[in-house]
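One structure below.
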Amino acid sequence: GPRCALHIIRLVLARNEELAGRLERAVRQLEELPASESPESFFRQTFRLKRVLSTAKGDLWRLHGLLEMLADGRRLLPGLGPNQRESVTQLAEEADYLYETVDNVRESVLSLIELHIGIAAHQTNRFMRLLAIVSTLTLIPVVAGGLLGMNLGDSPWAVTLGQVAFGTLVLMLGVLYTFMAKGWLR
């Protein structure tokens, strides 16, 4: 009985080791993608990897806990001798190593997701700044036209259409210079 149980545990650990290697290779492939050019399927792949890694991490944590209890004698397996306890200790160490490996790969996936989300947010911020600049620059002639309208001939001010256009252009250039000074047009 105990030999069969240990053999099954060795098989489970071997399959988890194979799974960890496969997932680590998948993460390395995703890391090779340029962060600024992430394809549409990137987040789908990373979230799938994250789910699989979380499941494997939980399974390995439970297996490691069980093997530690068997090695320490807190749990009993009928027929488990001192020689087999030493092999259970080795299996517990191997399960702990696999748990740490899977946890590290999962952290790599989380870091990769955060990197791509951060780059997407940065690109969105750049677009929003450009939109703010364009909106501000178009607001100036709209306000000038709304206040003065086309009735400059009968107005109480001695201002011509050319002077209003020139004043509007100077104001727009001043605002544009302010945005350049702030570094928004890089």
Side-chain angles (χ1 to χ4, degrees), residues 1-133 135 179 182-186:
R3 283 190 307 172
C4 289
L6 293 178
H7 180 69
I8 290 172
I9 291 172
R10 282 188 192 97
L11 286 175
V12 168
L13 286 173
R15 288 193 178 162
N16 277 309
E17 187 175 357
E18 177 187 318
L19 175 68
R22 204 171 354 123
L23 293 173
E24 196 168 10
R25 284 189 298 276
V27 169
R28 298 296 172 248
Q29 287 176 348
L30 288 173
E31 285 177 347
E32 291 175 2
L33 290 174
S36 60
E37 302 173 3
S38 58
E40 299 250 344
S41 61
F42 172 79
F43 287 108
R44 184 174 50 244
Q45 290 174 343
T46 53
F47 289 132
R48 183 188 59 80
L49 277 174
K50 182 181 162 191
R51 186 181 68 230
V52 170
L53 285 164
S54 294
T55 303
K57 181 181 169 187
D59 291 345
L60 285 168
W61 181 74
R62 286 186 287 280
L63 181 63
H64 171 66
L66 176 66
L67 289 172
E68 272 190 345
M69 286 190 275
L70 285 173
D72 294 346
R74 288 182 282 165
R75 289 283 171 124
L76 297 176
L77 185 63
L80 189 68
N83 293 345
Q84 293 166 333
R85 279 191 200 264
E86 186 174 315
S87 111
V88 169
T89 303
Q90 291 173 352
L91 289 174
E93 290 173 1
E94 188 176 334
D96 183 46
Y97 173 75
L98 279 175
Y99 173 79
E100 292 296 324
T101 302
V102 167
D103 188 43
N104 290 339
V105 172
R106 185 175 178 274
E107 290 298 320
S108 295
V109 168
L110 293 176
S111 298
L112 198 58
I113 290 171
E114 288 177 11
L115 172 71
H116 283 262
I117 288 175
I119 288 174
H122 177 70
Q123 290 172 346
T124 302
N125 287 343
R126 288 180 65 197
F127 178 74
M128 294 305 285
R129 272 190 292 185
L130 179 65
L131 190 60
I133 291 169
S135 298
F179 282 125
K182 282 187 160 193
W184 282 27
L185 292 175
R186 288 185 201 154

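Numbering starts at 1 and runs along the sequence shown.
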> Given the rule in the side-chain contact (heavy atoms from CB on, under 4.5 Å) test, do E68 and H64 qualify, once you have shown the distances and angles that lead to the verdict?
Replying inline: CA-CA 6 Å; E68 272 190 345; H64 171 66; 3.0 Å; yes
> What heavy-atom pair brings L13 and L63 nearest, and what distance separates the two atoms?
Replying inline: CD2-CD2, 3.6 Å
>> E107: which residues meet the salt bridge (charged side-chain N to carboxylate O under 4.0 Å, His left out) condition with it, sequence neighbours left out?
In response: none
>> Once rounded to the nearest 0.5 Å, what's the spacing between atom CZ of R126 and atom OG1 of T124?
In response: 11.0 Å
>> How long is the straight-line distance from CG of L23 back to OG1 of T101, given to the nearest 0.5 Å?
In response: 11.5 Å
>> Evaluate L6 against L91 for side-chain contact (heavy atoms from CB on, under 4.5 Å), listing each step before the verdict.
In response: CA-CA 9 Å; L6 293 178; L91 289 174; 3.9 Å; yes
>> Any heavy-atom pair between the side chains of E17 and E94 that's under 4.5 Å?
In response: yes
> Are any of the side-chain heavy atoms of R15 and L19 separated by less than 4.5 Å?
Replying inline: no
> Looking at residues at least two apart in the chain, or sitting in another chain, which of them share a salt bridge (charged side-chain N to carboxylate O under 4.0 Å, His left out) with E24?
Replying inline: R28
> Given the rule in the side-chain contact (heavy atoms from CB on, under 4.5 Å) test, do L66 and I9 qualify, once you have shown the distances and angles that lead to the verdict?
Replying inline: CA-CA 11 Å; L66 176 66; I9 291 172; 5.7 Å; no
> Atom CG of L33 and atom NE2 of H116: how far apart are they, to the nearest 0.5 Å?
Replying inline: 6.5 Å
> CD of E31: more than 12 outside heavy atoms within 6.0 angstrom?
Replying inline: yes
> About how many Å separate CG of D59 and CG of L98, when rounded to the nearest 0.5 Å?
Replying inline: 12.0 Å
>> Using a 6.0 Å cut-off, check whether atom OH of Y97 has over 12 heavy atoms from anything other than its own residue.
In response: no
> Which pair of heavy atoms, one from L53 and one from V102, lies closest together, and at what distance?
Replying inline: O-CG1, 3.6 Å
>> For V27 versus L112, what's the shortest heavy-atom pair and its separation?
In response: O-CD2, 4.4 Å
>> With rounding to the nearest 0.5 angstrom, report the CG to CZ distance, L131 to R129.
In response: 12.5 Å
>> To the closest 0.5 Å, what do you measure between OG (S108) and NZ (K50)?
In response: 14.0 Å
> With sequence neighbours excluded, what pairs up with D96 under the salt bridge (charged side-chain N to carboxylate O under 4.0 Å, His left out) test?
Replying inline: none
> Minimum heavy-atom separation for L67 to V88, with atom names?
Replying inline: O-CG1, 3.4 Å
> For the residue pair T89 and A71, what are the closest heavy atoms and their distance?
Replying inline: OG1-CB, 3.5 Å
